[in-house]
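For reference, the structure discussed in these notes is given below.
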Amino acid sequence: MDTAPITTEGPDEPDGPDVTATAATAATTAPTGAADRFREVQSSAEFGELRRTQRSFAFPLTLAFVSWYLLYVLLSNYAGDFMGSTVLGNINVAFVLGLAQFLTTFLIAWWYSRHAAAKLDPKAEALRARLEAGE
Amino acid sequence: MTSVPSALHTGIPLAAGAASEHRTLIITLFSVFVAATLAITVWAGRQTKDATDFYAGGRSFTGFQNGLAISGDYMSAASFLGIAGAIALYGYDGFLYSIGFLVAWLVALLLVAEPLRNSGRFTMADALAYRLKQRPVRTAAGTSTIVVSIFYLLAQMIGAGALVALLLGASGEGSRRWIIGLVGLVMVLYVTIGGMKGTTWVQIVKAVLLILGTLLITVLVLNKVGWNVSTLLGRAAEESGKGKAFLEPGLQYGKDGTTKLNFISLGLALVLGTAGLPHILIRFYTVPTAKAARKSVNWAIGIIGAFYLMTIALGFGAAALVGSKSITASDPSGNTAAPLLAQEVGGGAGSTGGAVLLAVISAVAFATILAVVAGLTLASSASFAHDLWANVIRKGKTSEKEEVLTAKCAAVVIGAVAIALSIFAHRLNAAAVVALAFAVAASANLPTILYSLFWKRFTTRGALWSIYGGLISSVGLVIFSPVVSGSEKALFPGMSFDYFPLGNPGLVSIPLGFLLGWIGSLLSEPEPDADAKYAELEVRSLTGHGAH
């Protein structure tokens, strides 16, 4: 958010060689109290809910589409006869499954965006508003 | 003599001859593109005042604009020339590239785009070094950014080399150097004058041109086969001389156990590489919010998906209408299949329509290469200036002005590297070389990105082991692979040190990158303040609080 009152005049904070730096981008972090605030928010019920909503959707779905894609790769490799069987004219199973990968990609993208707009964005915005009001 | 035997006799040289008659047209079209994009670049340059403008286009782009720009950055010579060639020569096996390149976007959408947008500022390393020791992690991430970009650059220069050879024939060695040099020069101008803002607009213009050009060829191809995909596939299979096998998996990768493993390796690299490509990741910083980043990925998936669907028509169309003999005669790896197809559907070699369409598609392909090379140059020079120079060498004691100036100087050097790489610009398929860049990105970058976003116990040592381990193993295995030596199509065909049998290292190096990140973390003390740092990262990446 460029409108936020952040310092943009310098590059990241200078970091000594062995100092674990405050995050390079954490220009908004106030020197004191800020760390406690982040931990306070992190352990809040609302944040836990937001994190759960994000992860319980994204992680299983990632596992699912990667498995589905790898299944397709493995079928191409080791199930040649099945993949070569005719569906219609010169169109075979391999071609149909390839197109199915396109279709599932479009559907998952659409599904995730709907989920995010309905379930994630309102929660994230409420938490951000609270964080920014508390400054 | 009638023209038929001479056409049969000379095949491709005739195509080049026809092209040379209309070379003025190609040069005119390409000059219009260069002039228009340079004008945009100068305009964008006038609005580029600070580092945020230069690196991130002022974060002023909309989700749709950035979606187009991402598509422009992503649909490279590998996608346009490489995939069309791979399908035209190997049929169904070439289609895996289209599928893997697209499915990969879901990793970026579901796991990476939004948290990265919220926690980073200018480069990939911003997000990676967020809660770890800055200097070593930035050095590692900056190094791998530059290595991945150089592999990607090599693929683009292969595309450029193949195009120039097609248009000028073997006699054009002098002009070839001249043209490649010009490509390098224009690209450096885009980046140094226009920064991210100018480069983004170049991507947008190029994405629109590429989609329109591909759509035109697709319509003409489908029209030739009566809008029946089955007829197209049938004719492609027949012309290929391989029959039904052309439409089934295995023609390129089904020979034996090793080639099958190579297919899995390639598939893995494709699906996990995208979310680790630095020049794609920095695109998420050009929009104001994580929500806009999500929107831009959605647009990109739609546009890129539509494009890859059309590669079916390009690839099988080239196989059916041009034929693999003419394609390999022009370029052994098939990189010129798409322009040859354009010439064919325009009316064939020697016809005006054929020459015009060849000129249009060649100009689009040049525009594609130019834009992608500019995007890669921006990503790697930004990482050099922001990560290596400002934060590591100068330890943060630079002014913003000095940092941007450093980035511009780095862009000139990387432009020179790209031109030098064009010496190797032949024999390999552009899509296969880009798949190597994907393998390096998936091995060296993706593990650290995911661990640092989602694993509290991740440490600096884990990051360094993972980045360097993934980088060294993937690049090392490529060096000892059949891609570099030991076969006729290799980079160095005369030598043989191909001790690693797979052409793509992903199967070994990607799990290794993940494993090293995990072991390295467990074998080191937790980071000081790990709880507080992770709390801050988690809250910021999910809520967008304090995002730049």
Side-chain angles (χ1 to χ4, degrees), chain A residues 1-2 4 6 8-18 20-21 23-26 28-29 35 38-39 41-42 47 50-51 54 58 61-62 65-66 69-70 73-74 76-78 80 83-84 88-92 94-95 98 101-102 105-106 108-109 112-113 116 121 124 127-128 131-132, chain B residues 50 52 59 92 95 99 102-103 106-107 109-111 119-121 126 129-131 133-135 229-230 233-234 237 244 247-250 254 260 263-264 267 271 288 291 294 298 301 305 309 386 390-391 395-398 400 403 527-529 532 535-536 538-539 542-548:
Chain A
M1 309 286 299
D2 281 346
I6 47 170
T8 44
E9 68 270 21
D12 303 342
E13 293 95 319
D15 305 311
D18 289 305
T20 310
T25 50
T28 40
T29 311
F38 281 119
R39 294 180 69 167
V41 171
Q42 190 200 29
F47 187 80
L50 171 64
R51 179 174 47 196
Q54 148 73 19
L61 199 57
T62 302
F65 80 74
V66 172
Y69 168 79
L70 289 180
V73 171
L74 292 177
S76 300
N77 248 353
Y78 303 108
M83 294 295 261
L88 187 80
N90 294 307
I91 294 169
N92 55 21
F95 194 75
Q101 291 284 338
F102 277 77
T105 302
F106 292 141
I108 290 171
Y112 170 72
S113 306
D121 291 346
L127 274 167
R128 195 176 64 226
L131 269 161
E132 271 149 26
Chain B
D50 59 14
T52 306
R59 310 195 200 287
Y92 190 81
F95 191 37
I99 294 166
L102 178 69
V103 174
L106 290 177
V107 182
L109 176 68
L110 293 177
L111 301 179
S119 60
R121 192 174 169 209
D126 280 344
Y130 196 91
R131 59 194 180 92
K133 287 196 185 73
Q134 293 280 310
R135 293 182 64 203
V229 177
S230 176
L233 295 177
K244 275 186 80 175
L247 306 177
E248 292 167 14
K260 284 183 177 178
F263 187 72
I264 300 176
V271 79
K291 221 161 134 182
R294 182 196 311 146
N298 274 323
I301 288 178
L309 281 175
H386 183 65
N391 281 293
K395 298 176 190 170
K397 293 181 189 68
T398 48
E400 202 165 86
E403 201 182 307
E527 293 292 313
D529 259 353
E536 184 181 343
E538 223 181 32
V539 169
L542 271 172
T543 64
H545 171 68
H548 283 275

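Among A:Leu88, A:Leu127, A:Thr62, the residue making the largest number of heavy-atom pairs under 4.5 Å with chain B is A:Thr62. Chain A forms the most heavy-atom pairs under 4.5 Å with one residue out of B:Leu111, B:Ile301, B:Leu309, B:Val107, and that residue is B:Leu309.
Taking every heavy atom of both residues into account, B:Leu542 and A:Ala124 meet most closely at O-CB, 3.5 Å. Here the closest heavy-atom approach between residue B:Ala535 and residue A:Arg39 is recorded as CB-CG, 3.6 Å. Of all heavy-atom pairs between A:Phe106 and B:Gly305, the closest is CZ-CA, 3.7 Å. For A:Ile108 against B:Leu110, the heavy-atom pair with the smallest separation is CG2-CD1, 4.4 Å. When all heavy atoms of A:Phe65 and B:Val103 are compared, the pair lying nearest together is CD1-CG1, 3.8 Å.
Of the possible donor and acceptor atoms, one in the side chain of B:Tyr92 sits under 3.5 Å from a partner among the backbone N and O of A:Ala94. In terms of modelled atom types and a separation under 3.5 Å, the side chain of A:Tyr69 and the main chain of B:Ile99 share no donor-acceptor contact. A:Asn92 places a side-chain N or O within 3.5 Å of a backbone atom of B:Leu247 that can act as its donor or acceptor partner.
Residues A:Phe47 and B:Thr543 meet the side-chain proximity criterion, which asks for heavy atoms closer than 4.5 Å.
In this structure, chain B has a heavy atom under 4.5 Å from the side chain of A:Leu74, while its backbone stays farther away. For a residue to count as touching a neighbouring chain, one of its non-hydrogen atoms must lie under 4.5 Å from one of that chain's; by this rule B:Lys260 touches chain A with backbone and side chain alike.
For the salt bridge (charged side-chain N to carboxylate O under 4.0 Å, His left out) test, residues two or more places apart in sequence or in another chain that qualify with A:Asp121 are B:Arg294. By the salt bridge (charged side-chain N to carboxylate O under 4.0 Å, His left out) test, B:Glu248 pairs with no residue at all, sequence neighbours left out.
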